[in-house]
*Asks:* 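There's a structure below that I have some questions on.
None of the values given here were measured: they were computed from a predicted structure. Numbering starts at 1 and runs along the sequence shown.
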Amino acid sequence: MADAPETQLQAAPARPWLKVVIAAVFVGGIVTFFALGGQRYLSLDAVKANRDALLVFADRHFVAALLIAFVAYAGAIALSLPGGLVLSLTVGFVFGRWVGTALVVVAATVGATLVFLAARYLFADAARKRLGALGERINAGFTESAFSYLLFLRLVPLFPFFLVNLAPAFTSVPLRTYVLATLVGIIPGTFVYVNLGQALGRIDSLQGLVSRDTLLAFGLLGIFALLPVAWKKWKARRSTVA
């Protein structure tokens, strides 16, 4: 069965005013964030300076704290704002590894899906027309094994998170494939960073937080995600030779 939200999105008639509204919401959100000095609050020093207040608020208003954290995280991802790592550490510090991981995984998936849908609606058609036949070949190759490729991109920290959110929007990858690969692929990295957040008071820098062994493990997971693609290509080549 076709992905209903995606089908409706692609089949909807062009509405220039709606594109303007969507673009204005995203641009306005980014401009407002920096105009109000939001980057100051998404810094390690700011969180460490207010950690006691954060713990007290979460203890007294747990549900409200969860909702605020969810909206803040999803919004930061949707607007591609800096500070995702600091937010992950903060959520881990305030809510612990298990609740924190669940919150970040769901919020990040929601935020990534929002920016994916917006980019696809605003720019995908124009980008495909500009790329022409080359774009069609790239699109066909990526879409054929979209889940494996997306899982690899999510597991291996080679590319910025916001770029992995946007790039698939210019392909024909189904929305549900994008959402599932994002949800599954960000779990390992999220758990690592959220778990580190429990030691927030001892973290002095965001550099070098993850060991080389951990990065190697992510790389191996990424290679494992590509095994179905390698197997499919090997079978196709074998059948061609035969």
Side-chain angles (χ1 to χ4, degrees), residues 5 22 25-44 46-121 150 154-155 157 160-166 168-169 175-200 203 206 209:
I22 293 173
V25 168
F26 277 84
V27 173
I30 295 170
V31 170
T32 301
F33 173 81
F34 286 104
L36 297 178
Q39 67 274 20
R40 296 198 309 269
Y41 301 101
L42 291 184
S43 68
L44 184 61
V47 173
K48 291 172 69 173
N50 294 280
R51 57 182 182 173
D52 292 337
L54 290 171
L55 288 175
V56 170
F57 181 82
D59 183 60
R60 294 178 178 176
H61 312 282
F62 185 74
V63 174
L66 281 176
L67 290 174
I68 292 171
F70 181 90
V71 171
Y73 204 105
I77 297 299
L79 297 176
S80 302
L81 299 175
L85 177 52
V86 172
L87 283 174
S88 295
L89 294 171
T90 305
V91 169
F93 173 71
V94 174
F95 300 107
R97 63 170 64 91
W98 301 115
V99 173
T101 297
L103 188 151
V104 170
V105 166
V106 176
T109 301
V110 170
T113 301
L114 289 175
V115 71
F116 169 85
L117 289 173
R120 171 167 283 185
Y121 185 67
L150 281 169
R154 292 302 189 187
L155 287 168
F161 191 75
F162 78 91
L163 186 60
V164 182
N165 293 340
L166 287 170
L175 175 60
R176 59 188 172 190
T177 301
Y178 175 86
V179 172
L180 183 59
T182 298
L183 184 70
V184 174
I186 65 176
I187 289 175
T190 297
F191 180 79
V192 168
Y193 287 115
V194 169
N195 193 52
L196 285 171
Q198 295 185 100
L200 185 66
I203 297 176
L206 298 179
L209 277 179

*Asks:* Restricting to side-chain contact (heavy atoms from CB on, under 4.5 Å), what partner residues turn up for Tyr41, sequence neighbours left out?
*Replies:*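 Here no residue qualifies.
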*Asks:* Residues two or more places apart in sequence or in another chain: which of them pass side-chain contact (heavy atoms from CB on, under 4.5 Å) with Leu42?
*Replies:*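 For Leu42, the residues satisfying side-chain contact (heavy atoms from CB on, under 4.5 Å) (neighbours in sequence not counted) are Phe33, Leu87.
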*Asks:* Does the side chain of Phe162 reach to within under 4.5 Å of the side chain of Val115, using non-hydrogen atoms?
*Replies:*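 Heavy-atom side-chain distance check fails, nothing below 4.5 Å.
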*Asks:* Which atoms form the tightest heavy-atom contact between Ala108 and Phe161, and what is the distance?
*Replies:*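 Taking Ala108 first and Phe161 second, the nearest heavy atoms are CB-CZ, 4.5 Å.
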*Asks:* I want to check something: taking the side chain as every heavy atom from C-beta on, are Val47 and Leu89 in contact at a cut-off of under 4.5 Å?
*Replies:*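 A side-chain contact under 4.5 Å is absent here.
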*Asks:* Looking at every non-hydrogen atom in both residues, tell me the closest pair between Leu150 and Ala181 and how far apart they are.
*Replies:*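 Shortest heavy-atom separation between Leu150 and Ala181 comes out as CB-CB, 3.6 Å.
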*Asks:* I'd like to know whether Phe116 forms a side chain to side chain contact (heavy atoms under 4.5 Å, CB included) with Leu175, so could you lay out the CA-CA distance, the side-chain angles of the two residues, the decisive distance to 0.1 Å, and finally the verdict.
*Replies:* CA-CA 9 Å; Phe116 169 85; Leu175 175 60; 3.7 Å; yes
*Asks:* Restricting to non-hydrogen atoms, name the atom on Gly185 and the atom on Leu155 that form the minimum distance, rounded to 0.1 Å.
*Replies:*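 In this case the closest contact between Gly185 and Leu155 is O-CD2, 3.5 Å.
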*Asks:* Enumerate the residue pairs fulfilling side-chain hydrogen bond (donor to acceptor under 3.5 Å, both in side chains) with a member in residues 92-116, sequence neighbours excluded, ordered by first and then second residue.
*Replies:*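 Sorted pair list: Arg97-Asn195.
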*Asks:* Could I get the full list of side-chain contact (heavy atoms from CB on, under 4.5 Å) partners for Ala112, not counting sequence neighbours?
*Replies:*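 Ala112: side-chain contact (heavy atoms from CB on, under 4.5 Å) contacts with Ile77, Arg154, Asn165, Tyr178, Thr182.
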*Asks:* Under a 4.5 Å cut-off applied to non-hydrogen side-chain atoms, are Phe70 and Val110 in contact?
*Replies:*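 The answer is yes; the side chains approach within 4.5 Å.
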*Asks:* With Ala118, which residues qualify under side-chain contact (heavy atoms from CB on, under 4.5 Å), at least two apart?
*Replies:*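 Listed in chain order: Ile22, Phe26.
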*Asks:* What are the two closest non-hydrogen atoms of Phe34 and Pro82, and how far apart are they?
*Replies:*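 For Phe34 versus Pro82, the nearest heavy atoms are CZ-CD, 4.0 Å.
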*Asks:* Is the backbone N or O of Arg40 less than 3.5 Å from a side-chain atom of Ser43, with the two atoms forming a donor-acceptor pair by type?
*Replies:*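 Present.
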*Asks:* How would you list all residue pairs meeting side-chain hydrogen bond (donor to acceptor under 3.5 Å, both in side chains) that involve residues 64-82, not counting sequence neighbours?
*Replies:*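 side-chain hydrogen bond (donor to acceptor under 3.5 Å, both in side chains) check on residues 64-82 returns Tyr73-Ser88.
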*Asks:* Carefully, step by step, assess Tyr193 and Val104 under the rule side chain to side chain contact (heavy atoms under 4.5 Å, CB included).
*Replies:* CA-CA 10 Å; Tyr193 287 115; Val104 170; over 6 Å; no
*Asks:* Taking all atoms of both residues into account, what is the closest heavy-atom pair of Leu55 and Val94, and its distance?
*Replies:*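 Between these two residues, the closest heavy atoms are CD2-CA, 4.1 Å.
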*Asks:* What closest approach, in Å, do Ala169 and Ala119 show between heavy atoms, and which atom pair accounts for it?
*Replies:*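 Smallest interatomic distance, heavy atoms only, reads CB-CB, 3.8 Å.
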